[in-house]
Amino acid sequence: MLKSGVHGNNFTFPLVLKACAKLGSIRDGTKIHTHVFLMGFQGDVFVQTALIDMYSKCSNLSSSRHLFDEMPIRSVVSWNSMISAYCKDFQIDESFGLLKQMRFLDLEPSSSTLVSIVSGCSGSGFGALWHGLSIHCYGIKLGLTSDLLLSNSIMSMYIQFDQIDAARALFYSMAEKSTISWTAIIGGFIKIGDVGEAFNLFNQMRQEQISLDSIVFINLSSGCTQVGRVFVASSLHGLIVKSGCDCDEPVENSLVSMYSKCGDLVSARKIFDLVHEKSTFLWTAMISGYTHFGYPNEALNLFKILLNTSSRPNEVTLATVLSACADLGSLSLGREIEEYIRMNGLDSDLRVQTSLVHMYCKCGSIERAKEVFDRACNRDLTMWSSMINGYAIHGMGEEALNLFVKMQRQEGIKPDSVVYTGVLSACSHSGFVEEGMKFFECMQRDGIVPSVEHYLCLVDLLGRAGYLKLALNTIEEMPEPVQAQAWVPLLSACRKHRDIELGEFVAKRLFDLESHGTSNYILMANMYISIGRWKDAATMRRLMNDKGLVKEPGWSQIEVNGSIHVFLVGDQSHHRSVEIYEKLDVLNAKLREAGYVAETEMAMHDLEKEEREEALRVHSERLAIAFGLLSTEPGTTLRIIKNLRTCNDCHSAFKFISKITSRHLIVRDGHRFHHFESGSCSCRDFW
DNA sequence: GTAGGGTTAG
């Protein structure tokens, strides 16, 4: 308008200002304001009101208030705009102040006034529920109960504060209900986790032939996400396609997210691939699906593809990608991603920093994790939990507990259930029995009801430290559903302390509970082997086979020059396999010279002693180490990730290897980290 | 002609 020389009148100014408000463009808005003056419209109530709205939407509340104060005559809409401006800025008291002034001036608020103020209440703290309630009463007093918009906004306010009964009562009392009313109540039930009721209402809505739109479907798909059932998801998808809403961008995002969270990654990917203009939301939903269902490689590949498009990852995308990186255990990739984060100015986001801490801990670099942690400002509970948990899995119990104390004393942050899991796990990995029991009590005194994880940590803590009877008594005092799971760590402790009698008792309880996890059979079989009861061990294996259970094959990976090499037990498929086995021979000779004796207890009983040693030698972690030694400069730290727990023999061999080769070996097994250096391990053989 | 209701990714 300005450039073309077309002159505004008091009709066009509000329209143009509305456009500025929508764009949030304060520069254009101010220019228009100048023209308002030049054209002599500064006294027009319509124009002034539009200016108030424009300034507030361009985050310039003081200009709005200034204009409002200077107005000689105000319409109800002017008041509404100003009230709405304060509500959007969460200044609920200011907007209530204006409402009071209106009543003082004998100006009757319109339903819109109340709509604005009620939506302002929804965005404020819990105390605002009382304000919201008072507005509901005021609306009744003013005879505005039949106003659809007002009823919808009051209903949404109740939903916001989880007052589903109040919302439902209002919903059923409404003579007129729109798609928005139905969507609000459906969304309300989804919010409180009652997805069944949400779908009941949805069916009722369809029976009453209320028109359906994208937003109701987005709500329902988020409900499906909670339930996690693929068949519900696909039938909803069918309805969406039938309604023709499936090509709406937010709906596509929700569908991908829904299928991803239900674990149907194939369906999610199908929709994802069909979308032409992929938003960051869409990319993130797909990447997070891969991450959460254990496909970190696919997640990271997709992220690489994303980087070659015009879409940009945001903080949430990067937090997800870092989590994939943590699962994969690729330190070099993690560092590359950190570099990307830094280059793109996303490094000040706390969620990203927390994911970095988590990633570095899980990739074995506790030092880098600590650096990121130290750099972060305004650390929240999640950040502290990540660092505490990091120390826990690295067996650095003292550091974990110090941090826990610091978090409470210095920062005044109240611990939650998650951080206590980290603390108990730290105690368990470091053998701090007394402290662990103390924290378990402290936690309950803090009003936290122990979860399954807490109980499992406690049993693990007691069992691992050899207090088997105490662990048993603890289990017996646990709530029934927890007991079933708690037998597993106790069985593991029995195996460690070779308490065959208790082990058999525990195994019986486990098998009675039909808890037929492969690991339970393996634990029992190994326990029998360790005391020479070969026959019983064979029975265990047979029972396992009869049930069609297969032992998870062990694998280890090592990252060299940015690429990951995976080895299976006895693997000969690596292109440098010959060299690897030669290196192992040399290494074994040196190991024997250094006094290492192979522990053969875990080997197959029907093998000869030499054969047993042979079987142990080719454990996947040994192949990974040999390859690492072959392909890196002397003195380079080697980081190995293994899916199962390291066996006693490999643990002992690694201590020797670290001494012979003067290498720092960092091993992440199925449970924790081991740092081998100069012949000893950070776990002090307590694992 | 100005204000005002339901929305997806960790």
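We name chains A, B, ... by the order of the sequence lines, and we start the count at 1 in each one.
Atoms CH2 (A:W283) and C1' (B:dG10) sit 18 Å apart, rounded to a whole Å. Atom CD1 in A:I240 sits about 14 Å away from atom P in B:dT8, given to the nearest Å. When rounded to the nearest whole Å, the span between CG of A:N314 and C1' of B:dG10 equals 10 Å. Rounding to whole angstrom units, CG of residue A:D246 and P of B:dT7 are separated by 21 Å.
Nucleic acid contact class of A:K261 (heavy atoms, under 4.0 Å, all strands): sugar-phosphate only.
There is no side-chain donor-acceptor pair under 3.5 Å between A:S323 and A:T320. Checking A:T317 against A:N314 by side-chain atom types alone, a donor-acceptor pair falls below 3.5 Å.
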Run the numbers on A:Y55 and A:H66 for ring pair (Phe, Tyr, Trp, His ring centres under 6.0 Å), then give the verdict.
-> CA-CA 10 Å; A:Y55 277 118; A:H66 184 70; 9.9 Å; no
Could you walk me through whether A:R335 and A:E338 pass the salt bridge (Lys or Arg N to Asp or Glu O under 4.0 Å) check?
-> CA-CA 5 Å; A:R335 286 169 69 171; A:E338 189 187 22; over 6 Å; no
In B/S/- notation (B base, S sugar-phosphate only, - none; protein heavy atoms under 4.0 Å), nucleotides 1-6 of chain B written 5' to 3' is BBBBBB
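Listed by chain and residue number, A:R168 satisfy the salt bridge (Lys or Arg N to Asp or Glu O under 4.0 Å) test with A:D165 (two or more places apart in sequence, or in another chain). Judged as a salt bridge (Lys or Arg N to Asp or Glu O under 4.0 Å), and not counting sequence neighbours, A:D194 has no contacts.
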